[in-house]
Protein chains: 2
Amino acid sequence: MRKPVELQLLDFVPFRLNRLASEVSQRLSDIYRDRFGLEIPEWRIVATLGPDRRCTAQYVAESTRMHKTRVSRAAARLAELGLLQRGSSAADGREVLLRLSAKGRRVYAALVPLALERQRLLMACLEPAEAAAFLHGLARLERSLGLPQSGDPAPG
Amino acid sequence: MRKPVELQLLDFVPFRLNRLASEVSQRLSDIYRDRFGLEIPEWRIVATLGPDRRCTAQYVAESTRMHKTRVSRAAARLAELGLLQRGSSAADGREVLLRLSAKGRRVYAALVPLALERQRLLMACLEPAEAAAFLHGLARLERSLGLPQSGDPAPG
DNA sequence: TTAGATTGGTTGCGATCGCAACTATATGCC
DNA sequence: GGCATATAGTTGCGATCGCAACCAATCTAA
(Lines give C-alpha, C1' and ligand atoms only; values in the text may rest on other atoms or scores of the structure.)
Protein backbone atom coordinates (compact mmCIF):
# COMPACT_ATOMS: atom_id res chain seq x y z
CA MET A 1 0.00 0.00 0.00
CA ARG A 2 1.68 3.18 -1.22
CA LYS A 3 1.56 6.25 0.97
CA PRO A 4 0.07 9.20 -0.93
CA VAL A 5 2.46 12.11 -1.34
CA GLU A 6 1.36 15.13 0.65
CA LEU A 7 2.67 18.64 1.01
CA GLN A 8 2.32 21.03 3.91
CA LEU A 9 2.44 24.49 2.42
CA LEU A 10 3.78 25.93 5.68
CA ASP A 11 6.78 23.60 5.34
CA PHE A 12 7.34 24.29 1.65
CA VAL A 13 10.55 26.29 1.33
CA PRO A 14 9.66 28.34 -1.78
CA PHE A 15 6.44 29.47 -0.11
CA ARG A 16 8.23 30.25 3.14
CA LEU A 17 10.87 32.30 1.36
CA ASN A 18 8.22 34.30 -0.45
CA ARG A 19 6.20 34.93 2.66
CA LEU A 20 9.25 35.88 4.71
CA ALA A 21 10.55 38.23 2.03
CA SER A 22 7.17 39.82 1.65
CA GLU A 23 6.81 40.32 5.39
CA VAL A 24 10.29 41.79 5.74
CA SER A 25 9.67 44.15 2.82
CA GLN A 26 6.35 45.19 4.23
CA ARG A 27 7.90 46.19 7.53
CA LEU A 28 10.80 47.90 5.81
CA SER A 29 8.61 49.90 3.48
CA ASP A 30 7.59 52.45 6.07
CA ILE A 31 11.09 53.85 6.09
CA TYR A 32 11.46 54.39 2.35
CA ARG A 33 7.79 54.81 1.45
CA ASP A 34 6.21 56.67 4.34
CA ARG A 35 9.21 58.81 5.15
CA PHE A 36 10.67 59.40 1.72
CA GLY A 37 7.92 58.60 -0.77
CA LEU A 38 9.98 55.91 -2.48
CA GLU A 39 8.87 52.47 -3.61
CA ILE A 40 11.05 49.37 -3.63
CA PRO A 41 12.43 49.83 -7.18
CA GLU A 42 13.38 53.42 -6.45
CA TRP A 43 15.02 52.52 -3.16
CA ARG A 44 16.98 49.79 -4.94
CA ILE A 45 18.29 52.23 -7.50
CA VAL A 46 19.28 54.70 -4.81
CA ALA A 47 21.04 51.97 -2.85
CA THR A 48 22.76 50.60 -5.94
CA LEU A 49 24.07 53.98 -6.98
CA GLY A 50 25.21 54.88 -3.51
CA PRO A 51 26.79 58.24 -2.85
CA ASP A 52 29.09 58.37 -5.85
CA ARG A 53 28.55 55.59 -8.36
CA ARG A 54 27.64 56.45 -11.94
CA CYS A 55 26.25 53.58 -13.97
CA THR A 56 23.77 52.59 -16.64
CA ALA A 57 20.21 51.43 -16.17
CA GLN A 58 21.35 48.16 -17.63
CA TYR A 59 23.83 47.73 -14.80
CA VAL A 60 21.13 48.34 -12.21
CA ALA A 61 18.82 45.86 -13.90
CA GLU A 62 21.44 43.11 -14.01
CA SER A 63 22.68 43.80 -10.53
CA THR A 64 19.26 43.84 -8.87
CA ARG A 65 17.60 41.43 -11.30
CA MET A 66 14.78 43.89 -11.86
CA HIS A 67 13.10 43.98 -15.27
CA LYS A 68 14.47 46.79 -17.40
CA THR A 69 11.06 48.45 -17.64
CA ARG A 70 10.83 48.53 -13.89
CA VAL A 71 14.24 50.18 -13.68
CA SER A 72 13.29 52.62 -16.43
CA ARG A 73 10.12 53.78 -14.72
CA ALA A 74 11.70 53.96 -11.28
CA ALA A 75 14.58 56.03 -12.68
CA ALA A 76 12.10 58.34 -14.38
CA ARG A 77 10.30 58.83 -11.10
CA LEU A 78 13.52 59.48 -9.18
CA ALA A 79 14.52 62.06 -11.78
CA GLU A 80 11.10 63.65 -11.43
CA LEU A 81 11.64 63.87 -7.67
CA GLY A 82 15.01 65.48 -8.29
CA LEU A 83 16.96 62.67 -6.64
CA LEU A 84 18.67 61.43 -9.77
CA GLN A 85 20.48 62.88 -12.75
CA ARG A 86 20.19 61.10 -16.07
CA GLY A 87 23.03 61.89 -18.43
CA SER A 88 24.07 60.68 -21.84
CA SER A 89 27.05 58.47 -22.31
CA ALA A 90 29.81 59.81 -24.51
CA ALA A 91 30.90 56.28 -25.31
CA ASP A 92 27.49 54.94 -26.33
CA GLY A 93 24.63 57.20 -27.28
CA ARG A 94 22.01 54.63 -26.31
CA GLU A 95 23.06 54.36 -22.69
CA VAL A 96 21.64 56.53 -19.94
CA LEU A 97 24.05 57.19 -17.11
CA LEU A 98 22.41 57.36 -13.69
CA ARG A 99 23.82 59.25 -10.74
CA LEU A 100 22.38 60.59 -7.52
CA SER A 101 21.93 64.34 -7.31
CA ALA A 102 22.93 66.24 -4.17
CA LYS A 103 19.37 65.83 -2.96
CA GLY A 104 19.56 62.12 -3.77
CA ARG A 105 22.74 61.78 -1.77
CA ARG A 106 21.05 63.45 1.19
CA VAL A 107 18.19 60.95 0.97
CA TYR A 108 20.69 58.12 0.71
CA ALA A 109 22.56 59.36 3.76
CA ALA A 110 19.33 59.59 5.73
CA LEU A 111 17.94 56.23 4.58
CA VAL A 112 20.97 53.98 4.92
CA PRO A 113 21.40 54.12 8.71
CA LEU A 114 17.70 53.38 9.15
CA ALA A 115 17.87 50.46 6.72
CA LEU A 116 20.93 48.99 8.39
CA GLU A 117 19.30 49.31 11.79
CA ARG A 118 16.28 47.41 10.49
CA GLN A 119 18.53 44.69 9.17
CA ARG A 120 20.20 44.48 12.56
CA LEU A 121 16.83 44.18 14.28
CA LEU A 122 15.69 41.53 11.82
CA MET A 123 18.73 39.39 12.47
CA ALA A 124 18.71 40.02 16.22
CA CYS A 125 16.55 36.95 16.82
CA LEU A 126 19.52 34.80 15.81
CA GLU A 127 22.65 34.07 17.81
CA PRO A 128 25.79 35.15 15.95
CA ALA A 129 26.58 31.57 14.95
CA GLU A 130 23.02 30.99 13.79
CA ALA A 131 23.05 34.18 11.78
CA ALA A 132 26.34 33.23 10.17
CA ALA A 133 24.99 29.79 9.26
CA PHE A 134 21.81 31.27 7.84
CA LEU A 135 23.73 33.78 5.74
CA HIS A 136 26.06 31.05 4.58
CA GLY A 137 23.12 29.02 3.31
CA LEU A 138 21.59 32.09 1.76
CA ALA A 139 24.80 32.81 -0.13
CA ARG A 140 25.02 29.23 -1.33
CA LEU A 141 21.47 29.32 -2.61
CA GLU A 142 22.16 32.61 -4.38
CA ARG A 143 25.25 31.22 -6.02
CA SER A 144 23.46 28.06 -7.00
CA LEU A 145 20.77 30.12 -8.73
CA GLY A 146 23.29 32.38 -10.45
CA LEU A 147 22.30 35.53 -8.57
CA PRO A 148 24.88 38.34 -8.43
CA GLN A 149 26.74 38.56 -5.12
CA SER A 150 28.72 41.38 -3.64
CA GLY A 151 32.06 39.69 -4.29
CA ASP A 152 31.30 39.10 -7.95
CA PRO A 153 32.91 41.12 -10.71
CA ALA A 154 30.71 44.04 -11.74
CA PRO A 155 28.11 43.01 -14.29
CA GLY A 156 28.21 44.37 -17.81
CA MET B 1 36.68 62.31 11.14
CA ARG B 2 33.53 60.18 11.03
CA LYS B 3 33.28 57.40 8.51
CA PRO B 4 30.16 57.83 6.35
CA VAL B 5 27.69 54.96 6.64
CA GLU B 6 27.42 52.99 3.44
CA LEU B 7 25.25 50.13 2.29
CA GLN B 8 25.92 47.50 -0.31
CA LEU B 9 22.56 46.47 -1.67
CA LEU B 10 23.89 43.04 -2.62
CA ASP B 11 24.72 42.47 1.07
CA PHE B 12 21.44 43.82 2.38
CA VAL B 13 19.45 40.90 3.74
CA PRO B 14 15.92 42.17 3.01
CA PHE B 15 16.89 42.73 -0.62
CA ARG B 16 18.56 39.35 -0.86
CA LEU B 17 15.53 37.59 0.59
CA ASN B 18 13.25 39.30 -1.90
CA ARG B 19 15.47 38.54 -4.84
CA LEU B 20 15.95 34.91 -3.82
CA ALA B 21 12.24 34.38 -3.23
CA SER B 22 11.40 35.97 -6.54
CA GLU B 23 13.93 33.83 -8.39
CA VAL B 24 12.76 30.63 -6.73
CA SER B 25 9.12 31.47 -7.51
CA GLN B 26 9.97 32.29 -11.07
CA ARG B 27 11.57 28.90 -11.61
CA LEU B 28 8.77 27.11 -9.81
CA SER B 29 6.03 28.82 -11.76
CA ASP B 30 6.43 26.69 -14.86
CA ILE B 31 5.05 23.69 -13.02
CA TYR B 32 1.86 25.30 -11.74
CA ARG B 33 1.43 27.95 -14.43
CA ASP B 34 2.60 26.38 -17.65
CA ARG B 35 1.41 22.87 -16.89
CA PHE B 36 -1.77 23.58 -14.93
CA GLY B 37 -2.72 27.17 -15.70
CA LEU B 38 -2.55 28.19 -12.04
CA GLU B 39 -0.99 31.32 -10.56
CA ILE B 40 0.69 31.52 -7.16
CA PRO B 41 -2.44 32.41 -5.17
CA GLU B 42 -4.37 29.53 -6.72
CA TRP B 43 -1.57 27.08 -6.12
CA ARG B 44 -1.39 28.22 -2.50
CA ILE B 45 -5.07 27.58 -1.99
CA VAL B 46 -4.80 24.14 -3.56
CA ALA B 47 -1.80 23.31 -1.39
CA THR B 48 -3.46 24.66 1.74
CA LEU B 49 -6.64 22.67 1.20
CA GLY B 50 -4.77 19.51 0.33
CA PRO B 51 -6.67 16.40 -0.60
CA ASP B 52 -9.31 16.54 2.10
CA ARG B 53 -9.32 19.73 4.14
CA ARG B 54 -12.42 21.91 4.20
CA CYS B 55 -11.89 25.42 5.50
CA THR B 56 -12.89 29.05 5.09
CA ALA B 57 -11.28 31.67 2.90
CA GLN B 58 -10.40 33.45 6.11
CA TYR B 59 -8.37 30.46 7.22
CA VAL B 60 -6.45 30.42 3.95
CA ALA B 61 -5.78 34.14 4.19
CA GLU B 62 -4.43 33.94 7.74
CA SER B 63 -2.47 30.80 7.09
CA THR B 64 -0.78 32.03 3.92
CA ARG B 65 -0.78 35.73 4.85
CA MET B 66 -2.42 36.60 1.55
CA HIS B 67 -4.80 39.55 1.42
CA LYS B 68 -8.42 38.44 1.61
CA THR B 69 -9.20 39.91 -1.80
CA ARG B 70 -6.40 37.89 -3.30
CA VAL B 71 -7.80 34.73 -1.76
CA SER B 72 -11.30 35.65 -2.88
CA ARG B 73 -10.33 36.13 -6.50
CA ALA B 74 -8.09 33.08 -6.60
CA ALA B 75 -10.88 30.96 -5.12
CA ALA B 76 -13.32 32.33 -7.70
CA ARG B 77 -10.92 31.36 -10.45
CA LEU B 78 -10.37 27.87 -9.05
CA ALA B 79 -14.13 27.38 -8.85
CA GLU B 80 -14.42 28.57 -12.45
CA LEU B 81 -11.84 25.97 -13.46
CA GLY B 82 -13.81 23.33 -11.60
CA LEU B 83 -11.03 22.57 -9.14
CA LEU B 84 -12.80 23.89 -6.07
CA GLN B 85 -16.23 23.67 -4.47
CA ARG B 86 -17.51 26.64 -2.54
CA GLY B 87 -20.19 25.76 -0.01
CA SER B 88 -22.08 27.66 2.64
CA SER B 89 -21.39 27.16 6.29
CA ALA B 90 -24.28 25.98 8.41
CA ALA B 91 -22.70 27.55 11.46
CA ASP B 92 -22.11 31.01 9.96
CA GLY B 93 -23.92 32.21 6.87
CA ARG B 94 -21.15 34.67 6.00
CA GLU B 95 -18.46 32.07 5.67
CA VAL B 96 -17.63 30.28 2.45
CA LEU B 97 -16.27 26.79 2.91
CA LEU B 98 -13.61 25.81 0.39
CA ARG B 99 -12.82 22.26 -0.63
CA LEU B 100 -11.09 20.67 -3.59
CA SER B 101 -13.28 18.92 -6.10
CA ALA B 102 -12.32 15.52 -7.48
CA LYS B 103 -10.66 17.33 -10.37
CA GLY B 104 -8.88 19.58 -7.88
CA ARG B 105 -7.60 16.57 -5.98
CA ARG B 106 -6.25 15.12 -9.21
CA VAL B 107 -4.39 18.37 -9.90
CA TYR B 108 -3.08 18.36 -6.34
CA ALA B 109 -1.87 14.79 -6.68
CA ALA B 110 -0.10 15.64 -9.93
CA LEU B 111 1.42 18.90 -8.68
CA VAL B 112 2.72 17.92 -5.27
CA PRO B 113 5.42 15.44 -6.34
CA LEU B 114 6.74 17.97 -8.86
CA ALA B 115 6.79 20.72 -6.25
CA LEU B 116 8.57 18.55 -3.70
CA GLU B 117 11.13 17.53 -6.28
CA ARG B 118 11.81 21.19 -7.04
CA GLN B 119 12.28 21.88 -3.37
CA ARG B 120 14.73 19.01 -3.17
CA LEU B 121 16.67 20.36 -6.14
CA LEU B 122 16.72 23.83 -4.64
CA MET B 123 18.18 22.60 -1.38
CA ALA B 124 20.58 20.18 -3.06
CA CYS B 125 23.31 22.82 -3.15
CA LEU B 126 23.54 22.57 0.64
CA GLU B 127 25.06 19.78 2.70
CA PRO B 128 22.53 18.24 5.08
CA ALA B 129 23.98 20.12 8.05
CA GLU B 130 23.99 23.39 6.11
CA ALA B 131 20.41 22.86 5.03
CA ALA B 132 19.37 22.14 8.59
CA ALA B 133 21.09 25.28 9.84
CA PHE B 134 19.52 27.38 7.12
CA LEU B 135 16.04 26.04 7.86
CA HIS B 136 16.63 26.59 11.55
CA GLY B 137 17.41 30.24 10.94
CA LEU B 138 14.47 30.54 8.59
CA ALA B 139 12.13 29.16 11.25
CA ARG B 140 13.52 31.52 13.86
CA LEU B 141 13.01 34.49 11.59
CA GLU B 142 9.46 33.37 10.85
CA ARG B 143 8.69 32.99 14.51
CA SER B 144 10.25 36.33 15.32
CA LEU B 145 8.00 38.00 12.72
CA GLY B 146 4.91 36.19 13.95
CA LEU B 147 4.41 34.15 10.78
CA PRO B 148 2.32 30.96 11.07
CA GLN B 149 4.40 27.79 11.19
CA SER B 150 3.42 24.21 10.58
CA GLY B 151 3.56 23.29 14.24
CA ASP B 152 1.31 26.15 15.29
CA PRO B 153 -2.29 25.62 16.31
CA ALA B 154 -4.65 26.12 13.39
CA PRO B 155 -5.53 29.78 12.88
CA GLY B 156 -9.05 31.01 13.40
C1' DT C 1 28.81 52.75 -47.26
C1' DT C 2 25.09 50.63 -46.31
C1' DA C 3 21.68 46.86 -45.04
C1' DG C 4 20.75 43.74 -41.32
C1' DA C 5 21.22 42.36 -36.77
C1' DT C 6 21.93 43.69 -31.90
C1' DT C 7 21.46 46.41 -27.88
C1' DG C 8 19.94 50.20 -24.32
C1' DG C 9 16.01 52.19 -23.11
C1' DT C 10 10.94 53.69 -23.37
C1' DT C 11 6.02 53.04 -24.10
C1' DG C 12 1.35 50.64 -24.92
C1' DC C 13 -1.32 47.29 -22.96
C1' DG C 14 -3.45 43.67 -20.39
C1' DA C 15 -3.24 41.43 -15.93
C1' DT C 16 -2.69 41.42 -10.91
C1' DC C 17 -2.66 43.57 -6.48
C1' DG C 18 -4.12 46.05 -2.29
C1' DC C 19 -7.01 49.54 -0.36
C1' DA C 20 -11.45 51.29 0.49
C1' DA C 21 -16.17 50.78 0.10
C1' DC C 22 -19.90 47.75 0.04
C1' DT C 23 -23.22 43.64 1.08
C1' DA C 24 -24.79 40.34 4.08
C1' DT C 25 -24.74 37.86 8.24
C1' DA C 26 -23.80 37.62 13.15
C1' DT C 27 -23.24 39.44 17.80
C1' DG C 28 -23.70 42.60 21.79
C1' DC C 29 -26.35 45.70 24.47
C1' DC C 30 -30.41 48.05 26.00
C1' DG D 1 -37.12 42.80 19.70
C1' DG D 2 -34.11 46.42 17.70
C1' DC D 3 -30.24 49.26 16.83
C1' DA D 4 -25.14 49.59 16.81
C1' DT D 5 -21.03 47.20 15.92
C1' DA D 6 -18.13 43.64 14.09
C1' DT D 7 -16.91 40.12 10.78
C1' DA D 8 -16.67 37.14 6.09
C1' DG D 9 -16.39 37.92 1.66
C1' DT D 10 -16.91 40.61 -2.88
C1' DT D 11 -16.28 44.47 -5.94
C1' DG D 12 -14.70 49.17 -7.82
C1' DC D 13 -10.68 51.52 -8.60
C1' DG D 14 -6.11 53.31 -9.02
C1' DA D 15 -1.34 51.80 -9.13
C1' DT D 16 2.34 48.62 -10.44
C1' DC D 17 4.26 45.00 -13.17
C1' DG D 18 6.00 42.28 -17.12
C1' DC D 19 5.60 41.28 -21.91
C1' DA D 20 5.76 42.76 -26.50
C1' DA D 21 6.45 46.26 -29.58
C1' DC D 22 8.94 50.09 -30.59
C1' DC D 23 12.77 53.76 -31.24
C1' DA D 24 17.33 55.06 -31.66
C1' DA D 25 22.17 54.12 -31.66
C1' DT D 26 25.81 50.70 -32.45
C1' DC D 27 27.99 46.90 -34.52
C1' DT D 28 28.87 43.56 -38.35
C1' DA D 29 29.95 42.34 -42.76
C1' DA D 30 29.74 42.41 -47.60
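Per chain, numbering begins at 1; letters A, B, ... match sequence-line order. Atom set for the values below is all heavy atoms of this structure, side chains included, hydrogens, waters and symmetry mates excluded.
Distance, B/Lys68 NZ to D/dA6 P: 14 Å, rounded to whole Å. A straight line from CG of B/Asn18 to C1' of D/dC17 spans 14 Å, rounded to a whole angstrom. Separating the CE atom of A/Met66 from the P atom of D/dT16 is a distance of 14 Å, rounded to the nearest angstrom. Summarising the geometry, the separation between CG on A/Leu97 and P on C/dG8 is reported as 13 Å, rounded to the nearest angstrom. The distance from atom CD of B/Glu95 to atom P of C/dA24 is 18 Å, rounded to the nearest whole Å. Atom CZ in A/Arg44 sits roughly 14 Å away from atom C1' in D/dT16 (whole-Å rounding). Regarding B/Arg65, its CZ atom lies at a distance of 13 Å from the P atom of C/dG18, rounded to whole Å. Atom NE2 of A/His67 and atom P of D/dG18 are 7 Å apart (whole Å).
For A/Thr56 and C/dG8, the shortest distance from a side-chain N or O to OP1 or OP2 is not below 4.0 Å. Phosphate contact (OP1/OP2 of D/dA15, side-chain N/O of A/Arg70, threshold under 4.0 Å): absent. Applying the 4.0 Å criterion to OP1 and OP2 of C/dA15, one finds that B/Arg77 has every side-chain N and O outside that range.
Distance from the side chain of B/Thr69 is smallest for D/dT10 among the nucleotides D/dG9, D/dT10, D/dG18. Between C/dT25, C/dC19, C/dT11, one nucleotide has an atom nearer to the side chain of A/Ser72 than all others, and that is C/dT11.
The residue among A/Arg94 and B/Val96 whose nearest nucleotide of DNA chain D lies closer to the 5′ end is B/Val96. Each of B/Pro41 and B/Gly93 has a nearest nucleotide on DNA chain C; the 5'-most of these lies closest to B/Pro41. Positionally, the nearest nucleotide of DNA chain C for A/Ala75 lies more toward the 5' end than for the other of B/Ile40 and A/Ala75.
Taking 4.0 Å as the cut-off between side-chain N and carboxylate O, B/Glu23 and B/Arg27 count as a salt-bridged pair.
Taken to the nearest 0.5 Å, the CD atom of A/Glu42 stands 4.5 Å off from the CZ atom of A/Arg77.
Donor-acceptor pairing under 3.5 Å, judged by distance alone, is present between the side chain of B/Arg73 and the base of C/dG18.
In this pair, A/Trp43 and A/Tyr32 present their aromatic rings parallel. The plane angle is below 30°, not in the 30 to 60° band. Ring-plane geometry between B/Phe134 and A/Phe134 is classed as parallel, the angle between the planes falling under 30 degrees on a 0 to 90 degree scale with a further cut at 60.
Applying the salt bridge (charged side-chain N to carboxylate O under 4.0 Å, His left out) test to pairs two or more places apart or on separate chains, those with a residue in residues 109-130 of chain B are A/Arg140-B/Glu130, B/Asp30-B/Arg118, B/Glu117-B/Arg120.
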